[in-house]
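Notes follow once the structure below has been shown.
All of these numbers come straight from a predicted model, not from anything done at the bench. For this chain, numbers begin at 1 and follow the sequence in order.
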Amino acid sequence: RLFERFPHIKIINSYGPTECTVAVSSVLISREMLDCASIPIGYSKQDTEIFILDEQLNIVDDEIPGEILIQGESVSNGYINGINDRFIEFQGKPSYLTGDLGCKINDMIYFKGRSDNQIKYKGHRIELNDIEANLYKLDYVEKVAVVPRYNEFLQVNRIIAYVKIIA
């Protein structure tokens, strides 16, 4: 719609978690990219390396999905008084395991979802396990499952809680 309304507009898609001072990749979006299954999140910026890793922290081949790891000057030292197991050393350099899944095709990075139960909903990070834990605190709840509902752009547009009530 933006291209239709503003024919000469330049749209830049960027990606980056707060733990890495926000934007670590970007790409100028073309009209042709809109016809693809997913819009890319771009190429990594000059002082940043982005790797796609398997569960054993090995770099995967192009087009194979894995967890996105970010390495570079913008990576934070960790959380204050927090769990810092996502901040690791990879190939001798400080790095951040994002929990985001992605793949590379000719160095272009594509977002493919999350590896854990954390979602982003209306701009907020939400742990689905926290919602489940709070529902379990209710006296009449026997069983709970909380799941995200995604739209065609891999964005969460609903959070659904399935609850079994004690009979």
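Within a 6.0 Å sphere centred on CD of Glu55, heavy atoms belonging to other residues, nucleotides or ligands number 12 at most. Counted within 6.0 Å of CG on Leu28, heavy atoms from surrounding residues, nucleotides or ligands total more than 12; the atom is thus considered enclosed. Atom CD of Glu127 sits in a crowded spot, with more than 12 heavy atoms from other residues, nucleotides or ligands closer than 6.0 Å. By the neighbour-count criterion of 12 heavy atoms within 6.0 Å, atom CG of Asp85 is densely surrounded, having more than that number from other residues, nucleotides or ligands. For CD1 of Ile9, the number of neighbouring non-hydrogen atoms (other residues, nucleotides, ligands) closer than 6.0 Å is greater than 12. Counting heavy-atom neighbours within 6.0 Å of Arg158 CZ, excluding the residue itself, gives a total of 12 or less. Crowding of Glu142 atom CD: a count of heavy atoms from other residues, nucleotides or ligands under 6.0 Å exceeding 12.
Residues Ile52 and Ile68 have side chains in contact (heavy-atom distance under 4.5 Å, counting atoms from C-beta outward). A 4.5 Å side-chain heavy-atom check between Leu128 and Val147 finds every atom pair outside the cut-off. Residues Lys104 and Tyr110 are not in side-chain contact: their nearest non-hydrogen atoms beyond the backbone lie 4.5 Å or more apart.
In terms of modelled atom types and a separation under 3.5 Å, the side chain of Gln118 and the main chain of Ile126 share no donor-acceptor contact. In this structure, Thr48 contributes its side chain and Gly72 its backbone to no donor-acceptor pair below 3.5 Å. A donor-acceptor pair is defined here as one N or O able to donate and one able to accept, closer than 3.5 Å; such a pair exists between the side chain of Gln71 and the backbone of Phe90. Judged by distance alone, the side chain of Arg86 and the main-chain N or O of Tyr96 form no donor-acceptor pair under 3.5 Å. A distance-only check finds a donor-acceptor pair linking the side chain of Ser95 to the backbone of Lys93 [under 3.5 Å]. Distance alone, capped at 3.5 Å, places no donor-acceptor pair between the Tyr15 side chain and the Gly42 backbone. Using modelled atom types, one side-chain atom of Asp62 and one backbone atom of Asn106 make a donor-acceptor pair closer than 3.5 Å. Using a distance-only test at 3.5 Å, with no hydrogens or angles considered, no donor-acceptor pair links the side chain of Ser74 to the main chain of Thr21.
A distance of 11.0 Å separates CD of Gln155 from OH of Tyr150, quoted to the nearest 0.5 Å. Summarising the geometry, atom CD belonging to Glu67 is positioned 8.0 Å from atom CG belonging to Asp116; distances are rounded to the nearest 0.5 Å. In this structure, CZ on Arg1 lies 12.5 Å from CG on Leu34, to the nearest 0.5 angstrom. Interatomic distance, CE of Met108 versus CD1 of Ile105, reported as 9.5 Å (0.5 Å rounding). Rounded to the nearest 0.5 Å, atoms CZ (Phe51) and CD1 (Ile109) are 10.5 Å apart. Between Leu57 atom CG and Leu97 atom CG the span is 6.0 Å, to the nearest 0.5 Å.
Pairing each heavy atom of Ile41 with each of Phe111, the nearest pair is CG2-CB, 4.1 Å. The minimum heavy-atom distance linking Cys20 with Val75 is given by the pair SG-CG2, 3.9 Å. The shortest heavy-atom contact between Ile70 and Ile50 is CG1-CG1, 4.4 Å. Contact between Ile12 and Ser26 at its shortest, heavy atoms only, is CG2-CB, 3.9 Å. The nearest pair of heavy atoms linking Ile160 to Arg149 is CD1-NH2, 3.3 Å. Residues Asn13 and Pro40 share a closest heavy-atom pair of ND2-O, 2.8 Å.
In the hydrophobic clustering of ILVMFWY residues, with side-chain heavy atoms under 4.5 Å counting as a link, Tyr136 and Ile159 come out together. A continuous path of Ile, Leu, Val, Met, Phe, Trp and Tyr side chains, each step under 4.5 Å between heavy atoms, connects Leu2 with Met33, placing both in one hydrophobic cluster. Linking Ile, Leu, Val, Met, Phe, Trp and Tyr whenever their side-chain heavy atoms come within less than 4.5 Å puts Tyr121 and Val146 in one cluster. Connection of Leu101 to Leu53 is not established within any shared hydrophobic cluster, with ILVMFWY side chains joined at heavy-atom distances below 4.5 Å, either directly or through further cluster members. With hydrophobic clusters built from ILVMFWY side chains whose heavy atoms lie under 4.5 angstrom apart, Ile165 does not share a cluster with Tyr162.
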Ile59 vs Gln91, test: side-chain contact (heavy atoms from CB on, under 4.5 Å). Steps then yes/no. CA-CA 11 Å; Ile59 298 171; Gln91 297 181 345; 3.6 Å; yes

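Using a 30° and 60° split on the angle between ring planes, Phe87 and Tyr79 fall in the perpendicular class, above 60°.
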